[in-house]
Amino acid sequence: MAPQKLTEYERKRLENIRRNNEMMAALKVHTKATELSILPKAVTKSYSVKSEKKPKTETPIVIRRSLRTRGIPPDSKGSDSSTLTRNSPQKINDFVQNLGPIPMKDAYKGDDDSDRSFIESLVGMSNKEFSEEELNGSAKKKKKIECSLELESLNLDPENIARVVPGRITQMRFCPSNDVKMVAAGNKFGDIGFWNVGESEIFLYHPHQAPISGILFQPHCLSKIYTSCYDGLIRLMDAEKEIFDMVYNGENSIYALSQPKNEVNCLYFAEGSGGLSVWDNRIGKCSSQWDLHESRINTIDFSPQTTHIVATSSSDGTACTWDLRSIGGPKHTSLRTFTHKRSVQSAYFSPSGCSLATTSLDNTIGIYGGVNLEDKISVYHDNQTGRWISTFRAIWGWDNSYIFIGNMKRGVDVVSTVQRATIKTLQSPHISAIPCRFDANSCEVGMLAGATSGGQVYIWTSS
DNA sequence: GGTAAACTTAACAAT
DNA sequence: ATTGTTCCAGTTTACC
């Protein structure tokens, strides 16, 4: 299957793959952690990596190769999903992969058992949330969040800075707990790092082999965390079972992962070149697979109130809203299509669900409101992050007033939807890289996390 | 018309 | 302080 011609990059890549294969075959362990680095003095906390990890329980290693690399046309009969074929770009890192469950102890990059307390706290957290819920009857208990955020009070305490993973952070989420302030960050190597805000310890795991595209805490069971990856896998980190279980294994890269509040058994994920798939845990397979876009879907976001409405953003230059009740049926059309001049990196509903914010490489943030999102505001914003910085994605704060997005000068721009402009930039000498991915803590107004291509996480808090 | 190459960008390690 | 490496995005340009 020797390719006729190789670019310099491809040649190097194949060389890397070959070396990886040799090493993996020889050691039967995951790739060794990158060396611990010296950080800018602003950053005091970091993960620690075990200097050398002896091979522990041996897990089966499977040589994972796409049909294409085996010389079989991807659309031929060999494929199990004959009904739908997504002519997606060739999947990345499709060489060696562990396809079964991975014990957390094997994926853990710290010293043996030093994550014991962390695992137990996750399990304890989920039990606590459960009992509180039982005591208070039903989901009705959900504390109503006060929305009056005083922008001037946002503060970056140097204590609230840490390097949570090595390398570029591609995804980051707050744990949705009222008690514990914790973030989980995923990077381009397939690592997931956990950090209790303000504390010094980092817990770093390596459950995937490629960039992490989704992190999803189960709201009513915080010890269960879904992760999706460019390697085509969805895993479920289960702290009780102490494994990263394998949930879904597809041929295509997965670019986004989401879940509507009222469908705890279903996962919606962006697969291949424009596909949106629905995984149903009750039947253990995908219940739907639709081709919604002409290029990859970058985000999937459900309307907070009307959970059958979902917004997708795509590199095909559009964002769309869809009605899940009619999607895939005879009327396979979007409710609305929001057009940009370049690829669209995100489309998020505001907390009330009344507005939608899109971010595009055409250097605009689109803010749509009105009865059917037909009113459009366009705010200029430099979104040319280039190749090494994860693309910007404007996120909503805790009400419909403010949108937060990183800028190329290591700041965080705050866009007011009322004033239709950037009204403030959060800056700090402690920030040593461009914060490109964000999450707002839904359980605490004013707690905003920004993540960089250097693996740092910065947490602003409202005093 | 289609594909390959080139260009942009910042962070960090090594020198 | 400077240089080299990263390399899985997105887009434009060059070249069959």
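Just so we're on the same page: letters track the sequence lines, and every chain starts at 1. For the numbers below, each heavy atom of this structure counts, side chains included, while hydrogens, waters and symmetry mates do not.
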Practice prompt. For B/dA10, take OP1 and OP2 only and decide whether either is under 4.0 Å from a side-chain N or O of A/Ser453.
Written response: no
Response to the item:
Picking from C/dC7, C/dT11, B/dA11, the nucleotide nearest the side-chain atoms of A/Ala433 would be B/dA11
Discussion item. Quick check on DNA chain C: between A/Lys341 and A/Trp388, whose nearest nucleotide comes earlier from the 5' end?
Written reply: A/Trp388
Discussion item. Nearest whole Å is fine: how far is C/dG10 P from A/Ile297 CD1?
Written reply: 13 Å
Item to complete: State which of B/dA10, C/dA9, C/dT6 makes the closest approach to the side chain of A/Arg296.
Response: C/dA9
Worksheet entry | Listed nucleotide nearest any side-chain atom of A/Phe189, set C/dA9, C/dC7, B/dA11 | C/dC7
Fill in: Under 3.5 Å: donor-acceptor pair, side chain of A/Thr364, backbone of A/Tyr380
no
Worksheet item: Does A/Trp279 have any ring pair (Phe, Tyr, Trp, His ring centres under 6.0 Å) partners at least two apart in sequence or in another chain, and if so, which?
Response: A/Tyr248
Worksheet item: On a whole-Å scale, what distance lies between the P atoms belonging to B/dT9 and C/dT13?
Response: 15 Å
If you restrict it to nitrogen or oxygen atoms, what contacts under 3.5 Å exist between nucleotides 12-14 of chain C and the protein, and what is each distance?
unit_1 : atom_1 : unit_2   : atom_2 : d
C/dT12 : OP1    : A/Arg342 : NH2    : 2.9

Worksheet item: Touch check for A/Thr391, heavy atoms < 4.0 angstrom, all strands: base, sugar-phosphate only, or nothing?
Response: nothing
Fill in: Sequence-distant partners of A/Lys424, salt bridge (charged side-chain N to carboxylate O under 4.0 Å, His left out), two or more places apart
A/Glu152
Fill in: Results of ring pair (Phe, Tyr, Trp, His ring centres under 6.0 Å) for A/Phe338 - residues two or more places apart only
A/Tyr368
Item to complete: Would you mind telling me which of B/dA10, C/dG10, B/dT9 lies closest to the side-chain atoms of A/Arg387?
Response: B/dT9
Practice prompt. List in chain and number order the residues that pass side-chain hydrogen bond (donor to acceptor under 3.5 Å, both in side chains) with A/Glu199, two or more places apart in sequence or in another chain; answer none if no residue qualifies.
Written response: none
Worksheet item: Any idea which of B/dA13, C/dT11, B/dT9 is nearest the A/Arg163 side chain?
Response: B/dA13
Discussion item. Under the rule for salt bridge (charged side-chain N to carboxylate O under 4.0 Å, His left out), what residues qualify as partners of A/Asp191, not counting sequence neighbours?
Written reply: A/Lys109
